[in-house]
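Both counts, for ligands and for their atoms, begin at 1 and track the order of listing.
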Amino acid sequence: MNLHDSEHIAGVLQSAGYRPVDAPEHAGVVVFNTCSVRASAEDRVWGNLGALASRDKRGIVAVCGCMAERLGSQILERSRVVDLVFSVGVLASLPELIDECAHSRMCETGNVQDASIDCLPTVRRGDRAAWVPVSHGCDNQCAYCVVPAVRGPERSRPSEEIVAEVEDLVGEGVLEVVLLGQNVNSYGRDLSGNATFASLLRDVCRVQGITRVKFETSHPRDLGEDILEVMGGEPSACEYLHMPVQSGSDRILAAMNRGYTRDGYLDLIETARRMVPGLTLTTDIIVGFPGETVEDYLMTRDLVLQASFDAAYVFLYSQREGTPAASMEGEVTEPEKHRRFEELVGLQDEITGNSLSMLVGTEQEVLVEGPARRGDLLSARTRGHRVVLIGAQDIRCPLPRVLITAAGRHALRGTAIDRSCARGQAG
Ligand code: SF4
């Protein structure tokens with residue numbers, strides 16, 4: 001969601017005549033779009049601001065995003081290098097704010113709930129894939145999470161607006177959209193009428209010319225069979241589900257206020273795999289939540305083995321001020337947290353590696369995203385969101401079919417099966 005907000009920030013600035021440069025030292029304006037979900041993300045921002053402060057010559061420095069919502073003018077007090085703190089609620093006026101703050105440092109944090117940034121200009125990450133927010137904010141109260149406090153309650157966009165945006169994107173050559181929300185599955189509950197995520201997903205999948213539709217993030221409590229039915233039935237709905245489990249212990253799930261049990265989660269993924277053949281399932285896990293005993297942790301490790309996720313993002317619990325978890329007792333020591341983290345990451349790496357190696361020898365349709373870090377290769381994604389590296393000389397269209405030739409720990413290697421383009425998509 002933050003990355004998509006950054007696309008709007010770039011869009012607003014480019015519309016006002018600004019152009020991107022290749023390094024902060026060449027910039028007249030540097031904008032930090034920040035994340036508050038973990039303390040380490042905020043620490044990185046403070047570190048980067050510190051690095052800018054040591055330079056003699058620098059442009060206007062602005063900070064926005066979740067840190068701006070959370071800390072407001074405290075950022076100006078703590079970092080002398082910052083000229084402007086602003087929230088996405090006032091993003092439309094960013095060019096004017098930049099002009100004003102050149103005279104005097106300022107903090108402009110409008111009400112994030114009033115923000116209607118979806119209609120602002122956008123500079124997208126690529127020509128063929130696009131993020132499309134379906135809702136903003138979150139109505140859940142997970143005990144560790146700062147998002148509802150900084151992003152406000154859930155506000156769903158009207159479905160006609162979303163479908164129209166997807167139609168426009170297809171007109172511009174986009175082949176894949178990723179529908180975004182903190183909890184996409186609860187889409188529409190704040191709208192009048194019968195709007196549900198399942199009906200929205202079906203409408204988007206049926207937009208003429210859209211080839212792939214993905215979405216994230218799913219909350220296990222709100223993922224109904226109606227959504228799985230659309231995923232299994234609509235050809236453009238991709239077989240990809242990112243659904244954070246967070247813990248395998250019912251005691252910790254209750255303390256986290258997640259609203260489901262371990263068995264409920266395991267039943268749900270069994271249903272999802274049955275209704276969506278070939279599903280790629282990924283998850284998020286927190287280790288070291290307050291009160292997590294060795295037994296609780298072992299339940300999580302056991303769930304990881306049982307669920308056999310195709311990938312899992314494991315995080316160390318990070319205490320966030322103002323959340324219910326911040327005042328919970330039973331802090332897990334740092335060494336023990338790290339021990340559990342390392343063990344779980346190692347276990348999941350093995351499972352991920354096995355899951356990737358099962359694809360060797362199969363044919364996959366991939367969407368080319370751009371150059372890989374290794375310059376002579378292209379990075380592409382399967383319908384299940386796996387990264388495939390392919391030789392640039394092999395590819396003449398954005399949606400080629402490839403043969404998977406090898407599997408690494410986190411990515412696949414492939415070669416184009418033939419040089420003609422899948423589904424008539426010319427390059
Ligand atoms: S569902 Fe929970 S973890 Fe996700 S954004 Fe909402 S409160 Fe945070």
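- With contacts defined as side-chain heavy-atom distances shorter than 4.5 Å, the pair V230/R202 qualifies.
- Sorted by chain and number, the protein atoms of type N, O or S within less than 2.8 Å of atom 2 (Fe) of ligand 1 are C142 SG.
- Applying the side-chain hydrogen bond (donor to acceptor under 3.5 Å, both in side chains) test to every pair with at least one member in residues 317-328, sequence neighbours left out, gives these pairs: E42-R320.
- When hydrogens are left out, the protein atom nearest atom 3 (S) of ligand 1 is Y144 OH, 3.5 Å; that is the closest non-hydrogen contact.
- When only modelled atom types and interatomic distance are considered, T196 and S199 share a side-chain donor-acceptor pair under 3.5 Å.
- Heavy atoms of other residues, nucleotides or ligands lying less than 6.0 angstrom from CG of D190 number more than 12.
- Checking E292, E342, E343 one by one against R301, the salt bridge (Lys or Arg N to Asp or Glu O under 4.0 Å) holds for a single residue, E343.
- A salt bridge between R38 and D43 is absent, with no side-chain N of the basic residue lying under 4.0 Å from a carboxylate O of the acidic one.
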